[in-house]
Protein chains: 2
Amino acid sequence: MRWCSRAVTLTIIAIAMNNKEYISDEQTLDNAGIRVTAVRLLVWRQVRHGFSDAFSLADLEAALPTVDRSTLFRTLSTFTEAHLLHEIDDGTGSQKYCVCSARDTHHCEGHVHLTCIRCHRTYCLTDVRIPSVPLPEGWASTETEYVVKGICPACNREK
Amino acid sequence: MRWCSRAVTLTIIAIAMNNKEYISDEQTLDNAGIRVTAVRLLVWRQVRHGFSDAFSLADLEAALPTVDRSTLFRTLSTFTEAHLLHEIDDGTGSQKYCVCSARDTHHCEGHVHLTCIRCHRTYCLTDVRIPSVPLPEGWASTETEYVVKGICPACNREK
DNA sequence: CTGTTTTCTGCAACCGAGTTGCAAAAAGAT
DNA sequence: ATCTTTTTGCAACTCGGTTGCAGAAAACAG
């Protein structure tokens, strides 16, 4: 793990603030090879702790009205490239993002997604791998999207 | 099968034109409960005979430049509602459509789609059904999207 | 600490796909 | 032939995503 003087400084600040999360988030970005800025820290803390499920650029915009949309967009791209997030195409027409679980950098690929057609929330079934199917001769597969559309338990309950 | 006087008239015209396809397409729309108009016939013949694979609104627009985009859009919606077409969400960001095979009205649901990341064409594997996965307690599934992204044989060959 | 270089951010504008309201045109009914 | 209903074309608009550019912030060098 890399450990630079700026991070040490932040650690001291964080201890002073008695805020352990602050250190941890800073480290996460740093470990991912991303330069830590105020905006990025803000965005990361929002997506890490502020959303219970997959979120869209619009969700993030609503949660952080002080930050410009294009900046949020670019930040999401940066995070995605650094494998902090993964993109989900749930067929709602808007790109969704989801935090990659810490333990496994590449867990993001190949799992099933659930989309609720009522509340439009999308969830990851990180532990359910996509079953494979036979492909025609000559096709080379690179990636597979498996999205189950339906009604989530919460929407189901409220009838 | 319904058979109205207008259709008979068109049959006569078609025989005069020695064009069997013409009758057949007209019948298809009529059977689907869709009023037959010049534009709809034009669109149907294009999507039925003019595309080898799934197509987008933009593809249709390019193929039929004389027809307005909004009309094409509404026509596609009409056809989809009448189960002449089915919609495919292949994750390219643009809605695709594909002709439903004649023998089975509901065949459209539940099969696998292939999308080429080079040429952006999308194909139906109508005979490969989507394998199911276990869902969490409380979820009610209505539909499942299974899209394999990769390189199609044609793109693979041209290296 | 100060000046220089590099990166990031906000603004504005743009793009493409999808969508809608409305009036004219076409089709169907009487 | 006339009236009613449906369809079509036009224009405009929405919404999500995206880019160019100039100023702000961060990293770097002295």
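Given the structure is predicted, the values throughout are model-derived calculations rather than measurements. Throughout, a chain's letter reflects where its sequence line sits, starting with A, and its residues are numbered from 1.
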Contacts of type side chain to side chain contact (heavy atoms under 4.5 Å, CB included), residue A:Ser77, not counting sequence neighbours: A:Phe73
With sequence neighbours excluded, residues passing side chain to side chain contact (heavy atoms under 4.5 Å, CB included) with A:Ala58: A:Ser56
Salt bridge (Lys or Arg N to Asp or Glu O under 4.0 Å) contacts in which one or both residues fall within residues 74-90 of chain A, not counting sequence neighbours: A:Asp90-A:Lys96
Result of checking B:Asp53, B:Thr92, B:Thr115 against B:Thr122 for side-chain hydrogen bond (donor to acceptor under 3.5 Å, both in side chains): B:Thr115
Pairs meeting criterion salt bridge (Lys or Arg N to Asp or Glu O under 4.0 Å) with involvement of residues 57-69 of chain B, two or more places apart: B:Glu61-B:Arg69
Protein and nucleotides 6-12 of chain D: nitrogen or oxygen contacts under 3.5 angstrom:
| residue | atom | partner | partner atom | Å |
| --- | --- | --- | --- | --- |
| D:dT6 | O3' | B:Arg35 | NH1 | 2.8 |
| D:dT7 | OP1 | B:Arg40 | NH1 | 2.9 |
| D:dT7 | OP1 | B:Arg40 | NH2 | 3.0 |
| D:dT7 | O5' | B:Arg40 | NH2 | 3.4 |
| D:dT8 | OP1 | B:Thr37 | OG1 | 2.5 |
| D:dG9 | OP2 | B:Asp68 | N | 3.4 |
| D:dG9 | OP2 | B:Thr71 | OG1 | 3.0 |
| D:dG9 | O6 | B:Arg74 | NH2 | 2.7 |
| D:dC10 | N4 | B:Ser70 | OG | 3.0 |

d(CG, B:Asp59; C1', C:dG18) in whole Å: 15 Å
Spacing between A:Ile88 atom CD1 and D:dG16 atom C1', to the nearest angstrom: 17 Å
Residue list, side chain to side chain contact (heavy atoms under 4.5 Å, CB included) with A:Thr144, at least two apart or on another chain: A:Ile130, A:Ser141, B:Tyr146, B:Val148
Spacing of A:Leu57 atom CG relative to D:dT18 atom P, expressed in whole Å: 9 Å
A:Leu64 CG - C:dT9 C1' separation (whole Å): 14 Å
Interatomic distance, B:Leu76 CG vs C:dA17 P [rounded to whole Å]: 14 Å
Separation of C:dT19 C1' from B:Glu61 CD (nearest whole Å): 13 Å
Length of the line joining B:Leu41:CG and C:dA27:P, which is rounded to integer Å: 12 Å
Gap between atoms CD and C1', on B:Gln95 and C:dT19 respectively (whole Å): 13 Å
